[in-house]
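Worksheet: one structure, shown below.
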Amino acid sequence: MNKVSKILSSIKEQPITDPVVLERFDSFQEYIAEENQKINITSITDPVGVATKHFADSLSLLRLDVFKKEGQRVADIGCGGGFPGLPIGLVRPDLRLVMIDSTEKKIRYVERTAKEYGIEKIKCIAGRAEELSAPDAEYREKFDIVTSRAVARLSVLSEICLPFTAVGGYFVAMKAAGADEELEEAKRGIGILGGKVVDVVEVPFTFDCDKSDFTADESAELDEFSSSRRVLIVVKKVRPTPATYPRVWAKITKKPL
Ligand code: SAM
């Protein structure tokens, strides 16, 4: 078994057991490493780093009840090299994904990768989130779930993600150690944008993994990932977002709500 499958199959809280799916993730890691030599997309390409920080972390979203329903419309805002959206698409072909990033090069790579891995229900859009979710835009309040990782602090992220979220749907922010402080600072703005924080879910990772062929560095990398905090902040869209939001990016970042 290769290192990626070993790691993904050994997550106590959420093991992946299907050998076909595990093989696809093994192949996907190799693909990322190869493609990254041609176009620089991510700083993480090694098997243990990709399996933990990219694959396991992305898939942790599927622990949430809000993901259980089939066929939902899911947006990944600021998807970069395709995280969390691509791993989600690999294991949940029923979901209708829209990947959004302001960098054309990254979004074309995500599109090619989705094709390579047979992810069919996916649209990849190059553009700025705050423009694509403007009041008269096609994607305004159209998604059952909007998610985002490593794009901005929650106070900023909420203003570019909640306008995409349909009333009754959810915005899920993937956060790490500073989650509590970010949440405190963003709460008021979330309310203004029509959201309500309904859950803050800790996502622990316990690996019950045979590390006999891991180097000391790889073993340490796995332990470090396992001991770092990861949190999913779940915001329900309870009211439409006022037409004055989102503002232009300079205002969003200089004066978060
Ligand atoms: N979500 C990916 C991940 O976790 O690996 C990528 C994170 S990367 C640090 C942040 C990405 O957000 C970049 O690819 C950038 O182009 C994109 N981004 C930043 N602001 C954006 C905006 N206003 N609209 C769309 N994309 C944005």
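Just so it is clear, the model here is predicted, and its values are computed rather than measured. Atoms within a ligand are numbered from 1 in the order they appear, just like the ligands themselves.
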In this structure, atom 24 (N) of ligand 1 is nearest to the protein heavy atom A129 N, 2.9 Å

* Asked: Run the side chain to side chain contact (heavy atoms under 4.5 Å, CB included) check on Y170 and V235 step by step: do they pass?
  -> CA-CA 6 Å; Y170 295 88; V235 179; over 6 Å; no

**Report entry** C79 to ligand 1, any heavy atom closer than 4.0 Å
**Finding:** yes

Quick note on ligand 1: atoms under 4.0 Å from a heavy atom of W249 include exactly 23 (N)

Are side-chain N/O atoms of T215 and D217 paired as donor and acceptor at under 3.5 Å?
-> no

Think R112 forms a cation-pi with Y31, using NZ or CZ under 6.0 Å from the six-ring centre and within 45 degrees of its axis? no

Under 6.0 Å from the NZ atom of K255, do we count more than 12 heavy atoms belonging to anything else shown? no

For K106, the atoms of ligand 1 under 4.0 Å from one of its heavy atoms are 13 (C), 14 (O)

Q. Touching ligand 1 at all, G82? Heavy atoms, strictly under 4.0 Å?
A. no

Partner of F55 under ring-ring contact (aromatic ring centres under 6.0 Å, His included), picked from F205, F225, F25, is F25

Residue, atom and distance of the protein heavy atom nearest atom 4 (O) of ligand 1 read R149 NE, 2.6 Å

Within 4.0 Å of some non-hydrogen atom of T103, the atoms of ligand 1 are 16 (O)

Is any side-chain heavy atom of R149 less than 4.5 Å from a side-chain heavy atom of D57?
yes

Heavy-atom nearest pair, M99 first then G85, reads CE-CA, 3.6 Å

If you scan protein heavy atoms around atom 13 (C) of ligand 1, the nearest is D101 OD2, 3.5 Å

The protein heavy atom nearest to atom 19 (C) of ligand 1 is V151 CG1, 3.9 Å

Counting from 1 in the order shown, the ligand 1 atoms closer than 4.0 Å to a non-hydrogen atom of R128 are 22 (C), 23 (N), 24 (N)

So the atoms of ligand 1 within less than 4.0 Å of a heavy atom of E130 turn out to be 22 (C), 23 (N)

Per-atom filter on ligand 1: closer than 4.0 angstrom to a heavy atom of G80 are 6 (C), 14 (O)

Atom 18 (N) of ligand 1 has as its nearest protein heavy atom S102 OG, 3.7 Å

All heavy atoms of T241 vs all of R140, minimum pair found to be O-NH2, 3.0 Å

Closest to atom 6 (C) of ligand 1 by heavy-atom distance, out of G78, S148, A150, is G78

Under 4.5 Å between any side-chain heavy atoms of E13 and P204, yes or no? yes

